[in-house]
Visitor: 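Take this structure, written in structure tokens, and hold onto it; I'll ask about it next.
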2 protein chains.
Amino acid sequence: MADPTLCCASVVETPLDRVEAANLAHVLAALADPIRLQLFSIVAAQGEVCSCDLEAPLGRSQPTISHHTKLLAEAGLIVGEKRGRWVWWRIEPTRLADVRKALGAD
Amino acid sequence: MADPTLCCASVVETPLDRVEAANLAHVLAALADPIRLQLFSIVAAQGEVCSCDLEAPLGRSQPTISHHTKLLAEAGLIVGEKRGRWVWWRIEPTRLADVRKALGAD
DNA sequence: CCTTAATATCGATAATAGTCAATCTATCAA
DNA sequence: TTGATAGATTGACTATTATCGATATTAAGG
């Protein structure tokens, strides 16, 4: 779903209002899980990864992997492309940059 | 508590191991809540804030505010100093910078 | 001391989130 | 068309978390 509004001032400049806080918290929550962080870093390192190649390194079942990829995708942090029976995931670097900026990147 | 280990390579460079993922997830989880994000941004904007001045703008009870400041402090993101009956909170900018770096700051 | 005030802690509750087995859907191959 | 495979969805269970009332703790001030 990727709520498009992570643009504005950083968290250290101006007090966030409720909507800004909710939007940013939603994206941060997607990253605030060890399995999803590992998943994200594997995808980032390999460029493109099939869902089927995530179960083994993460030690989680297929439905659980599917659940985590869905959350990361809804947060706009990864994008999936279906090719035949497989879904190939890549990260969305601009979205991650938005998060850094929201956390006060110079 | 502020686990000191957020130094290393960013999440987009190398796949995180379990320990790195757990440490980073812990700090991100502290930020991944709307109330704590607002709290953090209020403290950042004002430089120093007393706990007693957080209940009203955040619309939460005193025990809840105390709970959230504790989580942020345990993540190393804010520091509290007791002066008389009051606790004054300030942010830890280096800790926030560590998070940005872990998320791939250039 | 005793009272008041700021904060922390405890206990309970309701909501949220991670996990997996079972099942459904879509795609490909024979 | 049938069988096999990748992924999504559902349902149930458990664990975690946000919240607040009640209580404890600590520090002035009189």
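Predicted model, so just to flag it, every value in this text is computed and none were measured. The sequence lines fix the lettering, A, B, ..., with proteins before strands; numbering per chain opens at 1.
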Visitor: What is the distance, rounded to the nearest whole Å, between atom CG of A:Asp33 and atom P of D:dT16?
Guide: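 Atom CG in A:Asp33 sits about 13 Å away from atom P in D:dT16.
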
Visitor: Just the rounded figure in Å: distance from P of D:dA6 to CH2 of A:Trp89.
Guide: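 Rounded to whole Å, this separation is 16 Å.
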
Visitor: Which atom names give the shortest non-hydrogen contact between B:Ala21 and A:Pro34, and what distance separates them?
Guide: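 Minimum heavy-atom contact is CB-O, 3.6 Å.
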
Visitor: How long is the line joining NZ of B:Lys70 and P of C:dA6, in whole Å?
Guide: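 So the two atoms are 21 Å apart, to the nearest Å.
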
Visitor: Reading nucleotides 25-30 of chain C from the 5' end, what letters show protein touch, with B for base, S for backbone sugar-phosphate only, - for no heavy atom under 4.0 Å?
Guide: -SBS--

Visitor: B:His67 has an atom NE2; how far is it from atom C1' of C:dA6, in whole Å?
Guide: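 Rounding to the nearest Å, NE2 of B:His67 and C1' of C:dA6 are 19 Å apart.
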
Visitor: Report the distance from atom CG of A:Leu31 to atom P of C:dA17, rounded to the nearest whole Å.
Guide: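 Going from A:Leu31 (CG) to C:dA17 (P), I get 15 Å.
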
Visitor: What are the two closest heavy atoms between A:Pro93 and A:Ile91, and how far apart are they?
Guide: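 Minimum heavy-atom separation between A:Pro93 and A:Ile91: CD-O, 3.3 Å.
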
Visitor: Which parts of residues 50-62 of chain B get close to DNA chain C, meaning a heavy atom less than 4.0 angstrom away?
Guide: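 Under 4.0 Å from DNA chain C: B:Cys50, B:Ser51, B:Cys52, B:Gln62.
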
Visitor: Mind calculating the distance between CG (A:Leu28) and C1' (C:dA17) to the nearest angstrom?
Guide: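 Distance, rounded to whole Å: 17 Å.
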
Visitor: Between NZ of B:Lys70 and OG of B:Ser51, what distance do you get to the nearest 0.5 Å?
Guide: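 Going from the NZ atom of B:Lys70 to the OG atom of B:Ser51 covers 13.0 Å.
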
Visitor: As a quick check of understanding, evaluate side chain to side chain contact (heavy atoms under 4.5 Å, CB included) for A:Val27 and A:Asn23, giving each step before the final call.
Guide: CA-CA 7 Å; A:Val27 181; A:Asn23 288 339; over 6 Å; no

Visitor: D:dT9 C1' sits how many Å from A:His68 NE2, rounded?
Guide: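 Those two atoms, NE2 and C1', are 15 Å apart.
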
Visitor: Yes or no on side chain to side chain contact (heavy atoms under 4.5 Å, CB included) for A:Arg95 and A:Leu6, after CA distance, side-chain angles and deciding distance?
Guide: CA-CA 8 Å; A:Arg95 187 65 165 175; A:Leu6 274 188; 3.8 Å; yes

Visitor: If you check the B:Ile35 side chain, which of C:dT19, D:dT19, C:dA21 turns out closest?
Guide: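 The closest nucleotide is D:dT19.
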
Visitor: With side chains defined as the heavy atoms from C-beta onward, is the minimum distance between A:Phe40 and A:Leu96 less than 4.5 Å?
Guide: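 Counting from C-beta outward, A:Phe40 and A:Leu96 do come under 4.5 Å.
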
Visitor: Would you compute the distance between atom CG of A:Asp33 and atom NE2 of A:His68 and round it to the nearest 0.5 angstrom?
Guide: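 Result: 5.0 Å between the selected atoms.
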
Visitor: As a quick check of understanding, evaluate side chain to side chain contact (heavy atoms under 4.5 Å, CB included) for B:Val43 and B:Thr69, giving each step before the final call.
Guide: CA-CA 11 Å; B:Val43 173; B:Thr69 52; over 6 Å; no

Visitor: Report the distance from atom CG of A:Leu39 to atom P of D:dG7, rounded to the nearest whole Å.
Guide: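 After rounding, the reported distance stands at 12 Å.
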
Visitor: Any chance you could measure A:Ile35, atom CD1, to A:Thr64, atom OG1, to the nearest 0.5 Å?
Guide: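 OG1 of A:Thr64 is found 9.0 Å from CD1 of A:Ile35.
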
Visitor: Using the side-chain heavy atoms of B:Ser66, tell me which of these nucleotides is nearest: D:dT9, C:dT9, D:dG7.
Guide: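 Shortest atom-to-atom distance from the side chain points to C:dT9.
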
